[in-house]
Amino acid sequence: MAKQDLAKTYEPREVEDRIYDFWVQGNYFHAEPNPDKKPYTIVIPPPNITGQLHMGHALDNTLQDILIRWRRMQGYEALWMPGTDHASIATEAKVVEAMRADGLTKEMLGRDGFLERAWAWKEKYGNRIVSQLKKMGSSCDWERERFTMDEGCSEAVKEVFVRLYNEGLIYRGNRMVNWCPHCNTSISDAEVEYEEQDGHFWHLLYTVKETGEQLELATTRPETMLGDTAVAINAEDPRYAHLHGCHVILPLLNKEIPIVCDEHADMTKGTGVVKITPAHDPNDFEVGRRHDLPMVRVFTYDGKMTGAADKAAADELIASGRAAADEPQVLDCGKYAGMTTMEARKAILEDLTAGGYLKEVEPLKHDVGTCYRCHTTIEPMVSKQWFVKMEPLAKPAVEAVEKGEITFVPERFTKNYLNWMKGTRDWCISRQLWWGHQIPAWYCDECGEMVVAKEAPHACPKCGAAMEQDPDTLDTWFSSALWPFSTMGWPKQTPELDYFYPTDTLVTGYDIIGFWVSRMIFSGLAYTGKAPFHTVLIHGLVRDAQGRKMSKSLGNGIDPLEIIDTYGADALRFMLATGNSPGNDMRFITEKVEASRNFANKLWNAARFILMNLPDGEMPLTLPVELTLEDRWIVSKFNTLAKAVTENLEKFELGIAVQKLYDFIWDNFCDWYIELCKSRLQGDDPAAARQVLVYVMTGMLKLLHPFMPFITEEIWQSLPHEGESLMISRWPVYDEALNFPEEEREMERIMEAIGAIRNRRGEMNVPPSRKAQVYIETAFAKTFEDGIPFLMRLASASEVHIGDSFDLPGAVSIVTNGATVKIPMDDLVDRQAEKARLQKEMDNVQKQLAGVTARLANKAFTDKAPAQVVQTARDQEQQLKDKLALLQQSMDALQ
RNA sequence: GGACGUUUAGCUCAGCUGGUAGAGCAUUCGCUUGACGUGCGAAGGGUCAGCGGUUCGAGUCCGUUAACGUCCACCA
């Protein structure tokens with residue numbers, strides 16, 4: 001920016017893209033294994049290719065970029081590994097939807113035709129989210145961008161699958177899974193969302209064959225009764241002791257099924273009798289296994305009642321001998337066949353009522369499992385799927401966290417993680433989808449032999465017949481779980497893997513601890529032998545102004561790109577980092593973005609001020625030899641700031657760091673130091689002031705850069721500087737030689753006096769244009785002499801007199817720490833009001849003094865409190881006493 | 001049914017290892033102060049949800065109650 005072009009307000013739109021291109025041209029985002037540096041690595045939570053940038057991404061990526069830019073400036077070889085996720089179920093749904101518009105279905109296109117479309121879709125939309133991340137200023141190493149379905153990641157997936165299979169940790173079997181009839185696929189437990197719904201308990205009556213009595217039992221899903229293969233009672237239940245070994249007649253089907261004794265039947269609940277449907281209820285499945293009950297499936301995979309054709313297909317499979325022993329039977333539901341489960345429920349209830357089998361209907365609120373994608377009610381269903389055996393994998397993953405190898409920030413999420421990891425059941429990883437990593441298992445057409453391998457077998461090793469690959473694909477999270485090392489080239493031992501792995505910090509929302517974080521942890525430990533990262537920084541959700549979750553259906557989402565367009569990326573980033581503590585949700589409030597935009601503008605104008613005072617060609621890159629009082633004050637303050645901000649960042653207290661920067665820049669630097677400099681800049685020897693201004697400004701820009709990368713770079717480029725870019729400059733380090741505590745105190749005495757004068761003038765409504773004589777009675781004459789120009793400029797003094805005592809009856813008098821300031825303003829002073837004010841202040845001081853004195857009088861306090869705290873109290877007491885005496889003097893002078 | 005979180009100025013939120021409450025916005029008053037009105041200077045406003053405890057001292061630690069919220073859980 002050339003000096004003459006300096007706009008009065010900062011225009012992010014004219015700056016951001018240009019600066020981003022500049023960084024890319026400079027290749028500053030790129031990281032390479034470098035033995036001379038320490039690595040610092042973050043892998044991005046790969047956004048879905050279906051996705052558009054939302055506030056959640058904006059927050060997540062802002063935090064990551066802050067950390068990565070900061071570490072880069074500290075001299076680490078900082079790698080932010082970017083990429084995208086294929087998001088199997090979400091993408092497939094989108095592609096299917098798009099196809100429907102063309103009148104096409106998956107079946108019409110076939111697998112290859114469908115995948116062609118899906119890849120085309122990925123090409124079209126996959127880059128959208130990436131370009132949006134760039135708008136945020138994200139300093140990802142784009143040369144290393146990865147995709148979960150690219151060759152390397154797919155290789156890692158196959159490697160892991162085959163390895164786990166060979167170790168017996170992946171198995172295939174008929175198990176109870178969560179089936180989404182809409183998406184037509186199984187989903188994992190983690191993908192089920194529970195919603196409270198109004199439902200009913202239907203109390204049914206089953207007749208005992210042997211005794212003729214009627215057994216009452218309740219169900220929330222009466223349509224499953226067609227698949228009942230037993231009724232359970234508790235062996236200890238005296239009410240039913242006489243029924244052991246008996247049978248009941250299943251209504252409607254008139255089928256005889258056994259009464260079994262099982263612990264699952266809880267005597268305290270309902271009537272203590274439970275119907276058992278092993279093929280459609282997870283508990284009943286277990287009961288069925290324990291008692292070797294037949295499994296009878298009555299629903300099709302698209303949520304209808306099974307019919308004759310379904311039964312015939314299943315019977316044929318079982319008869320062929322190729323089915324596993326645990327293959328469920330299928331019922332021909334007869335008149336109910338083809339009905340949806342809801343239609344069947346209605347019809348079955350009508351028939352049960354007609355037959356006198358329905359005793360009563362009880363309304364009930366209960367949690368119903370729904371698909372996280374489409375919120376269709378989940379049907380638990382026995383189905384042949386692939387599973388990861390979790391117990392052996394979870395154990396080391398629990399230990400790693402318990403031993404502190406991995407830390408959650410904030411710490412409370414550790415419990416969240418451990419609960420998940422300890423309670424998790426086997427992970428259903430197969431999906432009846434086409435978009436994703438196809439399962440590397442092949443089955444023989446003839447003999448049913450199975451081969452699990454990375455490459456397709458030529459022929460069945462047993463009988464030589466042709467083999468076909470399992471049509472199913474893997475859960476998206478299976479590949480995401482490998483992300484921290486698949487992106488580094490694993491299973492190959494690449495230099496990247498060696499250098500950047502394990503990574504350092506994982507930044508993500510608490511909503512995917514179970515989905516992703518936990519799976520990366522056990523995967524990393526199991527396959528690489530190392531925890532994939534040592535710190536997990538958890539953030540909350542960005543909610544709307546009313547505190548509601550932003551969602552498409554509510555239409556309350558705020559588009560980060562629109563915010564960037566009107567306020568700038570820096571303002572958005574700054575707002576997201578401000579007042580946000582780890583793990584807590586935050587609300588998106590436009591006023592907060594405005595405040596951040598205003599702050600950027602403030603900084604911009606401070607820079608403008610410096611540039612306007614800087615002669616062309618002058619390059620004040622170092623501090624001057626001689627530092628004045630105010631120089632020492634600001635330099636010392638900055639020095640402390642650099643230390644504090646660094647410490648806050650180390651502890652992931654980004655919100656605190658950003659608050660300190662804001663306060664320093666706006667309050668200390670702009671409102672005070674720049675003002676203090678003005679007289680010197682206009683005087684005979686402005687050079688030293690310029691040097692300090694540039695020095696502190698440069699330092700501020702560095703500390704602020706991770707938070708507001710664009711504007712800081714833009715300003716830095718326009719100021720005198722060394723090096724190519726702010727983003728690769730060195731992070732400020734605390735320097736004991738620049739610590740001036742005594743000067744800080746002195747300067748603060750002057751500032752307090754200025755503040756007190758302004759305050760009094762304000763109360764009396766005296767405009768700044770009306771200057772006044774100022775008399776200062778003080779023991780710190782030297783300090784206040786240095787402060788004369790400041791008092792004249794900032795406290796509207798026409799002249800400043802310093803002495804031990806001035807006899808000025810009727811002057812306004814103000815007592816501060818270190819001085820009594822007297823301003824003769826007879827025409828403005830209402831003596832009575834002035835006396836009242838002084839009295840009020842004296843009362844106030846008296847009250848404070850009483851408090852401190854009481855505390856010091858308490859022997860327990862002086863004995864037990866740390867010496868420093870007691871000393872502070874003593875100092876305070878003395879100050880208050882002094883102040884009170886001075887106030888008394890002022891009061892006396894008024895008489 | 002478990003677990004967790006939140007409750008601080010009118011609003012949105014900070015407050016790290018206990019030392020006597022802060023910011024932004026809003027409100028009120030005063031400013032053509034040559035960087036900035038996206039600004040400058042000031043002011044008002046809080047028994048830090050209630051109760052109990054530990055401590056010389058608690059917004060900060062412990063217990064408990066209440067309201068709101070989140071996550072987990074196979075309630076037939």
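Both backbone and side-chain heavy atoms feed into the values below; hydrogens, waters and symmetry mates do not. Protein chains get the first letters and strands the later ones, always in sequence-line order, with residue 1 at the start of each.
Nearest nucleotide to the A/Ser581 side chain, out of B/C16, B/A76, B/A14: B/A14. Candidate nucleotides B/C16, B/A35, B/A73 were compared by shortest atom distance to the side chain of A/Tyr194, and B/A73 ranks first. The side chain of A/Asn759 lies closest to B/A43, out of B/G19, B/A43, B/C75. Of the candidates B/C40, B/A35, B/U20, B/U20 carries the atom nearest the A/Arg855 side chain, counting heavy atoms from C-beta on. Residue A/Asn598 has its side chain nearest to B/U38 when only B/A23, B/U38, B/A35 are considered. Across B/C4, B/U12, B/C36, the shortest atom-to-atom separation from the side chain of A/Ile589 is found for B/U12. Minimum atom distance to the side chain of A/Arg758 is reached by B/A42, of the listed B/C13, B/A76, B/A42. Residue A/Pro768 has its side chain nearest to B/U33 when only B/C36, B/A76, B/U33 are considered. In the set B/C40, B/C74, B/A76, the nucleotide with an atom closest to the side chain of A/Lys602 is B/C40. Comparing B/C56, B/A76, B/U70 against the side chain of A/Asn858 picks out B/C56 as the nearest.
Classified by interplanar angle (parallel below 30°, tilted 30° to 60°, perpendicular above 60°), the ring pair A/Phe515/A/Tyr372 is tilted. In this structure, A/Phe408 and A/Tyr417 have tilted ring planes: the angle between them lies in the 30° to 60° band. Relative ring orientation between A/Trp666 and A/Phe599 is described as parallel, the plane-to-plane angle staying below 30° on a 0-90° scale split at 30° and 60°. Aromatic ring orientation, A/Trp202 versus A/His200: tilted (interplanar angle from 30° to 60°).
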Show the numbers, then the answer: is there a side-chain contact (heavy atoms from CB on, under 4.5 Å) between A/Phe790 and A/Met751? CA-CA 9 Å; A/Phe790 310 143; A/Met751 289 161 68; over 6 Å; no
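A/Lys415 comes within 4.0 angstrom of the backbone, heavy atoms only, and of no base. No contact: A/Asp281 has no heavy atom under 4.0 Å from any strand. Across all strands shown, A/Tyr662 has heavy atoms under 4.0 Å from sugar-phosphate atoms exclusively, and none from any base. Within 4.0 Å of A/Phe285, counting heavy atoms only, lies no atom of the nucleic acid at all. A/Ala595 comes within 4.0 angstrom of the backbone, heavy atoms only, and of no base. Using a 4.0 Å heavy-atom distance criterion, A/Trp202 is classed as making no nucleic acid contact. A/Lys864 comes within contact range of at least one nucleobase, with a heavy-atom separation under 4.0 Å. Residue-level contact check: A/Thr219 touches the backbone only, with heavy atoms under 4.0 Å from sugar-phosphate atoms and none from bases. Within 4.0 Å (heavy atoms only), A/Pro866 reaches at least one base atom of the nucleic acid. Note on A/Ala265: a base of the nucleic acid sits closer than 4.0 angstrom, heavy atoms only. Across all strands shown, A/Leu794 has no heavy atoms under 4.0 Å from either base or sugar-phosphate atoms. Within 4.0 Å of A/Glu675, counting heavy atoms only, lies at least one base atom of the nucleic acid. Across all strands, A/Thr872 comes closer than 4.0 Å to no nucleic acid atom at all (heavy-atom distances). When heavy atoms are screened at a 4.0 angstrom cut-off, A/Ala865 is found touching base atoms of the nucleic acid.
Residue side chain A/Lys8 does not reach the base of B/C36 through any donor-acceptor N/O pair under 3.5 Å, judged by distance alone. Counting atom types as modelled, A/Arg597 pairs a side-chain N or O with a base atom of B/U38 as donor and acceptor under 3.5 Å. Checked by distance alone, A/Arg793 brings no side-chain donor or acceptor within 3.5 Å of a matching partner on the base of B/U33.
A straight line from CG of A/Asn605 to P of B/C40 spans 10 Å, rounded to a whole angstrom. Between A/Glu286 atom CD and B/A76 atom P there is a gap of 17 Å when expressed in whole angstrom units. When rounded to the nearest whole Å, the span between CZ of A/Arg770 and C1' of B/A42 equals 18 Å. Remark: C1' of B/G41 and CD of A/Glu763 are 13 Å apart, rounded to the nearest angstrom. Summarising the geometry, the separation between OH on A/Tyr10 and P on B/A35 is reported as 22 Å, rounded to the nearest angstrom. Here the P atom of nucleotide B/G34 and the NZ atom of A/Lys678 are 7 Å apart, to the nearest Å. Taking atom CD of residue A/Gln848 and atom P of nucleotide B/U20, one finds them 12 Å apart after rounding to whole Å. Rounded to an integer number of Å, the gap from A/Phe669 CZ to B/C36 P is 15 Å.
In this structure, A/Glu653 does not pair ionically with A/Lys660, as no charged nitrogen and carboxylate oxygen lie closer than 4.0 Å. Under 4.0 Å is where a charged nitrogen must lie from a carboxylate oxygen, and between A/Asp189 and A/Arg425 at least one such pair does. In this structure, A/Lys651 does not pair ionically with A/Glu647, as no charged nitrogen and carboxylate oxygen lie closer than 4.0 Å.
Using C1' as the reference atom, B/A43 and B/U38 are 23 Å apart when rounded to the nearest Å. Taking the P atom of each, B/U47 and B/G1 are spaced 36 Å apart, rounded to whole Å. Distance check on atom P: B/U8 versus B/G59 gives 15 Å, rounded to whole Å. Distance noted for atom P between B/A73 and B/C68: 24 Å (whole Å). Comparing the same atom, C1', in B/U33 and in B/G18 gives a spacing of 44 Å after rounding to whole Å. Comparing B/G15 with B/G5, their P atoms sit 14 Å apart, to the nearest whole Å. Between B/A9 and B/G22, the distance separating the two C1' atoms is 10 Å to the nearest Å. Taking atom C1' on both nucleotides, B/U27 is separated from B/G69 by 31 Å, rounded to a whole Å.
The side chain of A/Trp666 contributes no N or O atom lying less than 4.0 Å from OP1 or OP2 of B/A35.
The partner of B/U47 is absent, by the rule that a Watson-Crick or G-U pair needs both atom distances under 3.5 Å. Nucleotide B/G22 has B/C13 as its partner under the Watson-Crick or G-U criteria, with both atom distances under 3.5 Å. The base-pairing partner of B/C75, taking Watson-Crick or G-U wobble contacts with both distances under 3.5 Å, does not exist among the strands shown. In this structure, B/U70 and B/A3 make a Watson-Crick or G-U wobble pair, each of the two defining distances being under 3.5 angstrom. The partner of B/A35 cannot be assigned: no Watson-Crick or G-U wobble pair with both contacts below 3.5 Å exists in any strand. Using Watson-Crick or G-U wobble geometry with both donor-acceptor distances under 3.5 Å, B/C29 finds its partner in B/G41.
The 12-atom threshold is not exceeded at CD of A/Glu411, counting heavy atoms of other residues, nucleotides or ligands nearer than 6.0 Å.
Mapping A/Glu11 and A/Asn416 onto RNA chain B by nearest heavy atom places A/Glu11 at the nucleotide closer to the 5' end. Each of A/Pro582 and A/Asn283 was assigned the nucleotide of RNA chain B with the nearest heavy atom; the assignment lying further toward the 5' end belongs to A/Pro582.
Because its NZ or CZ atom is both nearer than 6.0 Å to the ring centre of A/Phe861 and within 45° of the ring axis, A/Arg855 counts as a cation-pi partner of that residue.
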